Structure formats: C-alpha cells, structure tokens
Amino acid sequence: MKENSENLLDAKIEQMETGDLKDDKSYKEKQKKYILKGISSILSCIIHSCGYYSVFILGHTVVYLISFRRHYNPNLTFSHGYFLFPIMNLTLSLTITIGGIIEKKIGGKNTIFLSSLILCLSFAVMYFSRNLFLDYILMGFIGFGIAIGIKLSKRNACSFFMKRKALISGVVTLVPSFVSAGLAIFYEKHILNPLSESPTIEHSYYEERIFLNFQKLILFEIGFLILVCILSLVTFFKNDPKETIKYGFGEKVNENKSTEIEKRKESIDDPEIRKSQVQKALYSSRSIKLFLMIFLFFPTINFINNTWRPIGIYYKVRTQSLQLVGALCSITGCLSSIIFSLIGDKIQFRYIICSFGILLTVISFAFPLSFNTEVLFVLEILSVAFSLNGFNVIIDPHLMKVFGMENFVEICGVIRSSSGIAEIFSVILAFYLENYFTGSKDNAYKWMYFISGLSGLISFVLGLFESDEKYNYNS
C-alpha cells in the first residue's frame, strides 16, 4: 500500500514537471476536498484556541483567587499571586516540544483530547484546593495541558495553506480574542464581582459573597473547556504533508519546485534526517539570537501583566475602570490581530519586531508617569496588549518560514521557552524589589520599568539583524 502511494506521488510530480496537473479533473476535485479539510481545521484551531484564551484571561482574576486563599491563610499578600500565571507560562513554553513528540505517538486528535483532559482535571482539583502551594503545582499542569496542543493545531491549520500563514495565524488569534473579551466582561461583571465592590487596602476582597464566586468561575471554565474540546475534535483534520505538496501551493509547480518537493518528501519520511535538522538548527547562531531577542522582548509585557491591577488598586484607580481593562485588552488584541494578519506576509519581520521593541521601550520608561493619570494608565496597558497580540501573530509564521513546517513544533518549543523563562525572571525581580522597597512601592515600580525599558532597547537592536531568509540545513 505504501509502495502504491509512493508511485502515485511520483507520477503526480512528473505531471507537475510537464505543467499538466492543473487541467486534471480528478486533481481539482481532490484539491477542493483538501481546501474544505483545511477550512475545517482552521475552524478547529479557532475553537481550540478559544479554550486556551479563556485560561489566559484568568490572569486578570488572580486578585480574587488570593482573596479566596486569604480566607484560609490571612498571611498571604497579593505579591504571592505574582507567581501563579508565570509558572503556567514557563511550563507552557518549556513543554511545547513535548506536544510534538506526543502527537507523533498518539496522533493529533488524541493529543488535543489529552490537552483538554489535563486542563479540566487541573481546574477540578483547584476547585477543592485551599492551599496556594498546590495552586502553583496545578498551574504547572495547566501550562503543560496548553503546551501539548497549542502549537499543534495552529501548525496543522497553517500547513494547509502554505502562502497564507500570517493571515491564518491572525485569524486563529483574532476570533479567540473577541471571545475572551466577552468572557472577561462576563467573568468580572456577572460571576466574580457583580456589584463592582472595591478591595481593601491590603489588596484583597474579604466579602464572602465575592471571594466564594471564584469557585463558580472554576465550574464555568470546566464546562466551557469540555464544550470546546468536543467541537474542536469534530472539526479537526490532520494535514498530510504529501497532500500539501500536491494541493497546497496554489500554483503550477515547475521543475525546480519538484526537486525541492523531493527533498522535502525525503525529510518528512526520514526521522533521522529531521532529528539531525532540529539539532543543527537549535545550536545555530540564528536560534540563539531569536531566543535572546524574545527573552528581552517580554519583561515589559510581564511586568505590566502581573502588576497593573495591584498598581491600579494602590493608586486608587476606579474599580469600574479596572474591571474593563481585561475586556479592553482583548479588544485591542483583536485590532492588533487584524492588522498584523493582513500585513504579516507583506512586511519583513524585522520591521515589525523592531517597531514593537521601540513601543515597549517607550512604555517601560513612561509607565511610572501614568500611575496618577487614569486614562494614560489604561492606554499604556492597552499598548502592551497590542504589542503582545501582534507578536503572537507574526512570530509563529516567521519561525515556520525560517525553519520549515516539518520542524516547527520542536524548534519553536525551544525558542519560545525564552518567554516563559523571562516571565519567571521578571516575577522574581518584581517580588524582590517590592520586598526591598517595603516602605516605598513607588521606587519598586520605577526600578521594574527602568530595567524592562533597557531590556526592550536591547531586544530592538537584536531585531535589526533578523531577516526572512530561510535557514540552510545543508550549510
């Protein structure tokens, strides 16, 4: 059977060389089926991503979780909550590569199911947890659950349409951003704090009717994840790289392209070649430079994501404004996704990433000046959301373009782990500064954003030397 499949592929490649393939009626029918499977897989990725985004926006609810835990341990402070989502993001970024390994062992659909199962079980245990240390462990499991599925579904969706990777990446980011905006408002206004009550001076909500609502949120999240899992599995179709070779380019394939196809086919079929390619790429100066660039890109994002709510509480920003920030961030993220999904395939990566580097550098140095100005405070948070979503749209297509679709998950997992490491580093630094400047939070926050400003500036410089040129595995 395998031999027949190989012969058929060889025959199609011969047709490609003669330029007759586009007139083949059978080919056109198969291409239509291929396109329908691709559209369905994009839908699957969108649905699947909605589940993950619903977990990410829970980062805006940490103050409620800490309030819930303070009921059982009054010695907790809000700074203890700094570590919860960074632990999740670190585990996520460090274990993305494992998702590619699991997919090869059990298949795409089973990997998505396993991802959803881990998330639901972790939240179920969190529902009964009364210990913050156990929450740290559970956040690690949640990060792992997201990691093994998040790049799989995006890569699978993008691989159906090779020339529209940035557009597809933008779409599968855009729709979940809209959904998460609605969920953020629903969580804040209708589940967690429907009366818009303010926290106490200790940065915590003591009223029982408020902090017990966190358990209701967990139950709702579990139900949402189950629904997302079912719908994403129904619409998922795993892409066959050999089908992409035949139907996925959207153009006549000339003789030079057919030679490239043969090389890709050989790479796809031989695991030893792929392993050698991955190892060589990861030890290259290109990968190291990308790793450092991403590591230095994230401190501003991490500092603001982890501290904007306690800063808002400390400087007495209105509770209604703080409640809306999560939703506004999601809407801003939608706008960013639309923009960069449309221009991501047309503008060089370095120009976009350098623009983000400059923006984040300015935000870092200016953020301490906005603490007493509510409008400016919110605008700077939204600017970070704009940069983060734009970055998430363009980085994966860039890595696919540079290192190839076949090796994307393994290489992306290692390079993107830098963002998780950067987040843990940022949180440890923030925790240290808050304790060092015990009597002056102003100084602690100013030092945080001065350091992140320098980091963004160095990331900008590294971005200047990045190009869209493909990595040469044969050099």
Side-chain angles (χ1 to χ4, degrees), residues 59-60 62-63 66 76-86 89 198-204 292-319 321-322 325-326 328-329 332 354-388 391 418-462:
H60 300 310
V62 169
V63 66
I66 295 301
L76 292 178
T77 64
F78 186 81
S79 58
H80 289 96
Y82 284 173
F83 290 93
L84 282 167
F85 278 81
N89 289 328
S198 299
T200 67
I201 193 65
E202 289 84 6
H203 302 174
S204 188
L292 289 174
M293 184 187 72
I294 295 173
F295 176 84
L296 294 167
F297 179 85
F298 268 86
T300 303
I301 293 171
N302 297 331
F303 279 137
I304 291 183
N305 277 346
N306 290 314
T307 62
W308 67 263
R309 190 181 284 269
I311 287 174
I313 293 171
Y314 182 76
Y315 288 96
K316 301 188 184 331
V317 176
R318 289 179 302 166
T319 301
S321 298
L322 294 178
V325 166
L328 291 175
C329 283
T332 305
C354 286
S355 299
F356 288 153
I358 287 292
L359 177 61
L360 292 178
T361 300
V362 172
I363 289 172
S364 293
F365 289 132
F367 196 56
L369 304 176
S370 71
F371 292 164
N372 293 307
T373 309
E374 187 173 300
V375 174
L376 187 58
F377 176 75
V378 173
L379 284 176
E380 296 218 18
I381 297 172
L382 298 184
S383 298
V384 168
F386 182 85
S387 301
L388 178 59
F391 174 84
S418 57
S419 62
I421 296 171
E423 183 157 9
I424 286 293
F425 171 78
S426 302
V427 168
I428 292 173
L429 181 60
F431 191 80
Y432 168 77
L433 289 173
E434 282 208 359
N435 284 278
Y436 183 80
F437 295 102
T438 305
S440 176
K441 288 188 178 292
D442 289 322
N443 288 331
Y445 294 141
K446 287 175 182 177
W447 271 103
M448 281 184 206
Y449 292 107
F450 176 76
I451 293 170
S452 66
L454 292 178
S455 174
L457 191 58
I458 299 172
S459 178
F460 161 75
V461 173
L462 289 174

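Computed from a predicted model, the values in this text were never measured in an experiment.
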How long is the span from the [atom1] atom in [X] to the [atom2] atom in [Y], to the nearest 0.5 Å?
{"X": "F460", "Y": "I358", "atom1": "CZ", "atom2": "CD1", "result": "4.0 Å"}
{"X": "F297", "Y": "I458", "atom1": "CZ", "atom2": "CD1", "result": "14.5 Å"}
{"X": "T361", "Y": "L296", "atom1": "OG1", "atom2": "CG", "result": "10.5 Å"}
{"X": "L360", "Y": "L457", "atom1": "CG", "atom2": "CG", "result": "11.5 Å"}

For F425, I'd like to know if atom CZ has over 12 heavy atoms of other residues, nucleotides or ligands within 6.0 Å. no

Would you mind reporting whether I294 and F391 have side-chain heavy atoms less than 4.5 Å apart?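 Yes, their side chains come closer than 4.5 Å.
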
Can you confirm whether L454 sits close enough to F450 that some side-chain heavy atom of one is under 4.5 Å from a side-chain heavy atom of the other?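 Yes, their side chains come closer than 4.5 Å.
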
Looking at every heavy atom in both [X] and [Y], which two are closest together, and how far apart are they?
{"X": "S452", "Y": "S364", "result": "OG-OG, 3.0 Å"}
{"X": "F295", "Y": "S418", "result": "CD1-O, 3.6 Å"}
{"X": "S383", "Y": "L359", "result": "O-CD2, 4.0 Å"}
{"X": "I451", "Y": "L429", "result": "CD1-CD2, 3.7 Å"}
{"X": "I363", "Y": "E380", "result": "O-OE1, 3.2 Å"}

